[in-house]
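See structure below.
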Amino acid sequence: MTATYDSTFKRSIREPDAFWGEAAENCHWYKRWDKVLDDANRPFYRWFSGGEINTCYNALDLHVANGRGEQTALIYDSPVTGVVQSYTYQQLTETVARFAGLLASQGVSKGDRILIYMPMISEAAVAMLACARIGAIHSVVFGGFAAKELAVRIDDAKPKVVVSASCGIEVNRVISYKPLLDEAIRLAFHKPGTCIIFQRPEEKAALVSGRDIDWADAMVSAHPHECVPMSATDPAYILYTSGTTGVPKGVVRDIGGHIVALKWSMKAIYDVDPGDVYWAASDIGWVVGHSYIIYAPLFQGCTTILFEGKPVGTPDAGAFWRVIADHRVKTLFTAPTAFRAIKREDPKGEFLGKYDLARFQSLFLAGERTDPDTLKWAEEKLWVPVIDHWWQTETGWAIAANCMGIEKLPVKEGSPSKPAPGWNLQVVDLNAQPVRAGEIGALVVKLPLPPGSLPTLWKNDEGYVKTYLEEFPGFYKTADAGFIDEDGYVFVMSRTDDIINVAGHRLSTGAMEEILTDHPDVAEAAVLGVDDTLKGQIPVGFLVLNAGVDRNHGDIVREVIQMVRERIGPVASFKVATVVNRLPKTRSGKILRGTIRKIANNEPYNTPATIDDPAVLDEMAVALANIGYAAGKNS
Ligand code: COA
Ligand code: AMP
């Protein structure tokens, strides 16, 4: 009998040991696990304890051993430099083994941290896989972050080595990475011993004598290194993500669960087989890049694509279709914002006519809710299933998805379908009690979380419990609110914290507020995520100035915008702020963010009963109108 979604899901919850044990049989182990699910130290559940395994072996060497050595493993396609470069599994294994040898020659071994600050070039993938090969824990930092953010991550992860490149290329601008790295190391308390720098032809970086090594020079004499057997419960990587303050959270992924869950997901969720071409158009600095540019497609023996370009402007709105056609892509995974950008430039989809998309079979979207307009446009133009799926940096793979390799369920607009196998998702009220179908509440996952999700935060078990497990005992708090309808479809409505989603990137408004209030003229500030037709949301800042400040408001606004760019980075997309006399607050002093957001989004709103002074809402409406936001009506 073929498995249905229902039977697969139920089995994954009722018999997790049998379910994930079977999935693990498809991976290469040096030593079999003692226990599939180890719950000896609750709430710190561990998967495959006692097992020994290596991430890089499962991503590369295994396929060479199984006769896939000549198949293309990785295609680097860079419209910004005009380079397209392919590696077979054999070639990628050899390059990674040599880079692993280079790391080892710098004294790197099991458990050491390596920080990777790289643009979207093949060397970034090589560096990640080389860390995995020798059991070093990588922490990749997205290129759009500023030196200060990089410094915070250096201080938390304490890397022995940093791997970086001279520059990145944003459409047609060269972004110098090396000065950002130098500045970050200057700011950080922890000083990495070595920096390995890949010099790109577009810009050569000055190297610091005694600390910096040129990638290409060092690779000449590097000796290949074998894969090191690792404990399944050892950390594979740390990926920092925005928390509710300026201090990012170091999400840890363990080795065994990560391999098992991701390999399983390729068939079950994406319906992708070995030999298929799979493309996640994201960045290696994000979780999507970790899971679905690098690891999962390689675990599955697919060809993966590393694209250094944008959906528009590199050179036009046909870039995605060109890549799909050139490399015979079966499955594309990206964020809805990329499709909104394409749709805005080419509403009729005229570029599609120029390319042969015969092999293209499905589009997966995540990072933010897929709005019905984007869903319909993509379905109409592409003629393939368009699948919204919901996940988080913490979870590593989809919490809810239409599992195309198990059973394709009917699509409901606005819903990422049903919980994926392994995720016992529930909706609860503030007392952790289940609510009725269709009622909005907190989306929580009953413990244990499935393999591949976070076992803890880096060196911060207490923070893990406090952030995710304390509020709803027995559950993991996703910090998303939503509901599950009568048919079991999940609807993710909003975050319950101060995180906003800008172009599929997760940002903390709290972190931005901390920066704004650092400005000497600013007494108080609020930053809110306001709807944006391209990026989903953009941050908008409201500044209350110190008494007596009589400087030009425009100058102060420009200065705070620059401060956010310098401290968080261009990725924050913080470009709009305004000065107000006061912020609307409750009588107990809480800023009424929900109401301000409604005004800015031109939605009807009610004056909250707890408001300190209702007149302030009219003042906000005027302030918003001054910066181009049609203010909502007080209903
Ligand atoms: N290095 C340095 N700077 C970077 C960068 C990087 N790796 N990535 C982005 N930036 C900069 C951009 O140049 C831009 O700078 P600017 O303010 O000087 O123009 C800023 O950070 C904001 O970038 P972004 O949010 O990507 O906006 P954009 O206007 O350049 O592009 C989209 C908008 C929609 C085309 C783009 O966000 C996109 O392709 N998103 C979909 C794919 C995706 O990344 N998904 C992530 C999760 S799946
Ligand atoms: P990140 O950790 O950057 O992947 O961001 C995770 C957050 O993005 C989630 O908690 C959601 O708020 C949002 N998100 C991601 N995917 C979806 C989706 N398909 N639908 C709705 N929200 C999503």
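Both counts, for ligands and for their atoms, begin at 1 and track the order of listing. From a predicted model like this one, the values you see are computed outputs, not experimental measurements. Hydrogens, waters and symmetry mates play no part in the numbers below; they use all other heavy atoms, side chains included.
- Residues with a heavy atom under 4.0 Å from ligand 2: Gly367, Glu368, Arg369, Asp388, His389, Trp390, Trp391, Gln392, Thr393, Asp480, Val492, Arg495, Asn501, Arg506.
- Atom 25 (O) of ligand 1 has as its closest protein heavy atom Lys535 NZ, 3.4 Å.
- Relative to the six-membered ring of Phe145, Arg153 meets both conditions, a distance below 6.0 Å and an angle of at most 45° to the axis.
- Of all protein heavy atoms, the one closest to atom 9 (C) of ligand 1 is Glu170 OE1, 3.4 Å.
- Here the two rings, on Trp279 and His327, have centers that are 6.0 Å apart or farther.
- Look at Lys376 and Glu413 and you find a salt bridge, because one of the NZ, NE, NH1 or NH2 atoms lies within 4.0 Å of a carboxylate O, short of that distance.
- The protein heavy-atom contact nearest to atom 2 (C) of ligand 1 is Gly143 O, 3.5 Å.
- Only the side chain of Tyr177 comes within 4.0 Å of ligand 1, judged by heavy-atom distances.
- Under 4.0 Å from ligand 1, the heavy atoms of Phe142 that appear belong solely to its side chain.
- Nearest protein heavy-atom contact of atom 42 (C) of ligand 1 is Ala281 O, 3.7 Å.
- Residues Phe472 and Ala442 share a closest heavy-atom pair of CZ-CB, 3.7 Å.
- With a 4.0 Å heavy-atom cut-off, ligand 1 is reached by no atom of Arg340.
- In terms of protein heavy-atom proximity, atom 45 (N) of ligand 1 is closest to Ala335 CB, 3.7 Å.
- Using a non-hydrogen distance threshold of 4.0 Å, Gly367 does not register as a contact of ligand 1.
- Two rings, from His290 and His258, have their centers 6.0 Å or more apart.
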For Ile238 and Val251, what are the C-alpha separation, side-chain angles and deciding distance, and is it a side-chain contact (heavy atoms from CB on, under 4.5 Å)?
CA-CA 5 Å; Ile238 309 166; Val251 168; over 6 Å; no

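- Distance from atom 44 (O) of ligand 1 to its nearest protein heavy atom, with residue and atom name: His505 CE1, 3.5 Å.
- What sits closest to atom 39 (O) of ligand 1 on the protein, heavy atoms only, is Pro311 CD, 3.0 Å.
- The proximity of Arg565 to ligand 1, defined as any non-hydrogen pair under 4.0 Å, is limited to the side chain.
- Classification of Glu203 and Arg173 as a salt-bridged pair fails, no side-chain N sitting under 4.0 Å from a carboxylate O.
- With a 4.0 Å cut-off on non-hydrogen atoms, Pro570 touches ligand 1 through its backbone as well as its side chain.
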